[in-house]
S.K.: 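Can you read through this structure? Questions will come right after.
Numbering of ligands and ligand atoms starts at 1, following listing order. Residues: numbered from 1 along the sequence shown. Please read all numbers here as calculations on a predicted model, not as lab measurements.
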Amino acid sequence: MTSVAEPAPDAAARPFREAVVDLGAVEHNVRVLADRVAPAEVMAVVKANAYGHGAVACARAALAGGATRLGVADLDEALELREAGIEAPVLAWLHDPDADFGRAVASGIEIGVSSAGQLERAAAVGPARVHLKIDTGLSRNGVPESEWHDVVARAAELEHAGVISVVGIFSHFANTSRDVDAAQLAVFERALAEAERAGLRPDVRHIASSEQAIRDPRSRYELVRIGIGTYGLTPFGDGTTAADLGLTPAMTLRTRVAAVRRVEEGAGASYAHIWHAERPTTLALVPLGYADGIPRHASGGGAEVLIGGTRRPVVGRIAMDQFVVDVGDDAISVGDEVVVFGDPATGAPTADEWAAASGTIGYEIVTRIGPRVGRTYLGTVSGGAA
Ligand SMILES: *Cc1c(COP(=O)(O)O)cnc(C)c1O
């Protein structure tokens, strides 16, 4: 680790609602995963503002940790990285029908091509660097297997003409089961063989995201695309935690207790009184709600927060701006720090635990942190990439 999360000395000077992002953790996670998948390279996926963590800062940290490429969904996200001065290869794979591929080419952004039409549009503004995407069974974008033969033939022609360069061939798993993964890999292998027969010699073949990259060496080829693992959350739904994988959550969501009150046995708290006090107790009010990304579905789901070094249950319904925590008979005061989720090594609940409490995945918990929450960065990025 190159840095540790230390509380700022003056808590009162910090934002009311704060997502603290530890860039040292991002760098550490990428290093752990890069070691694991070597000799395959790592593309750090920083789409959706780096899963809510801040795209530019996390991209730099990931490159310092050993990622050699960056991946995003759309061109605007790729351009944001270029405008910040990041020069590493960037691939964008989900395009508006009118996306300006000319701007991508001018900015040196690699274009994920999912159809014959996109291939022609890229060639028209070429020389374009492209990754051809085959749909191996996810049924989202990507060239269907039935059209693959024609698309690779045309790509070879365009490459020969010097208007495109096929840098990569890729696909994406459905994260369904090992059997479905195996079937998708078989389609991918057929697609690669077809491309080779057409004369294409891509630098990188890639299909694995975090889950397969971690557990299935056969899926790694020359490159894996790591999103969630970069941020220290688990890709697995089987109970394997991020800590089991040696990963550290990069984001800590924190705020301060906004109000404290003592209530009698039987008192209801928050909307619709879905919870009542079973004994006299103290309730602390936490000023974060579903507008800030706290899932309303976690109401009554067993979610916890860390206050005063102890985990406390969230009680009653989570509202737009606030929720209530039962702190029992402890002496909790207005202004005390509340850690909603963070690094379990500090005793905090994880975003993955909040996901379990609300029937979703950790990806959604961190990605949807709302605009009222300030981002603060901790840690310095080592090496020259910053
Ligand atoms: C989001 C995404 C990834 C990253 O997936 P993780 O499970 O977060 O590692 C990789 N590839 C594509 C095409 C994606 O859309």
S.K.: State yes or no: do Ile207 and Leu138 share one hydrophobic cluster built from I, L, V, M, F, W and Y residues joined by side-chain heavy-atom distances below 4.5 Å, directly or via other members?
M.R.: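 No, no single cluster joins them.
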S.K.: Does ligand 1 have a heavy atom under 4.0 Å from the side chain of Glu211, from its backbone, from both, or from neither?
M.R.: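 No part of Glu211 comes within reach of ligand 1.
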S.K.: Is the closest basic N to carboxylate O distance between Arg103 and Glu83 below 4.0 Å?
M.R.: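 A salt bridge links Arg103 with Glu83.
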S.K.: Could you list which atoms of ligand 1 come closer than 4.0 Å to a heavy atom of Tyr51?
M.R.: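 Here the atoms of ligand 1 in question are 1 (C), 4 (C), 5 (O), 6 (P), 8 (O).
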S.K.: Any atom of ligand 1 sitting under 4.0 Å from a heavy atom of Tyr363?
M.R.: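 Contact present.
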S.K.: Charged N to carboxylate O under 4.0 angstrom, Arg154 versus Glu120?
M.R.: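 Judged by the 4.0 Å cut-off on N to carboxylate O distance, Arg154 and Glu120 do form a salt bridge.
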S.K.: How far is atom 15 (O) of ligand 1 from its nearest protein heavy atom, and which residue and atom name does that atom have?
M.R.: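 Looking at atom 15 (O) of ligand 1, the protein heavy atom closest to it is Lys47 NZ, 2.7 Å.
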S.K.: Would you kindly specify which portion of Arg225 sits under 4.0 Å from ligand 1, judged on non-hydrogen atoms: side chain, backbone, both or neither?
M.R.: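 Under 4.0 Å from ligand 1, Arg225 contributes backbone and side-chain atoms.
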S.K.: Between Arg256 and Glu337, does at least one N-O distance fall below 4.0 Å, as a salt bridge requires?
M.R.: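 Salt bridge flag = no for Glu337 with Arg256.
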S.K.: Heavy-atom contacts under 4.0 Å between Ser210 and ligand 1: side chain, backbone, both, or neither?
M.R.: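 Both parts.
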S.K.: If you measure every N or O of Gly229 against every N or O of ligand 1, does any of those distances drop under 3.5 Å?
M.R.: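 Looking only at distances, the answer is no, because the N/O contact criterion of under 3.5 Å is not met.
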S.K.: Starting from atom 5 (O) of ligand 1, what is the nearest protein heavy atom, named by residue and atom, and what distance separates them?
M.R.: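 The closest heavy atom on the protein side is Ser209 CB, 3.4 Å.
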S.K.: How about Phe188 and Tyr221: are their ring centroids closer than 6.0 Å?
M.R.: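 Between Phe188 and Tyr221, the centre distance is under 6.0 Å.
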S.K.: Please check whether Ile228 reaches ligand 1 - meaning an N/O of the residue sits under 3.5 Å from an N/O of the ligand, judged on distance alone.
M.R.: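 Yes, at least one N or O pair falls under 3.5 Å.
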S.K.: Would Arg121 and Asp98 pass as an ion pair if we require N to O under 4.0 Å?
M.R.: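 A salt bridge is absent here (no side-chain N lies under 4.0 Å from a carboxylate O).
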S.K.: Is Glu194 salt-bridged to Arg190, going by a charged N under 4.0 Å from an acidic O?
M.R.: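 The answer is no: the pair does not qualify as a salt bridge.
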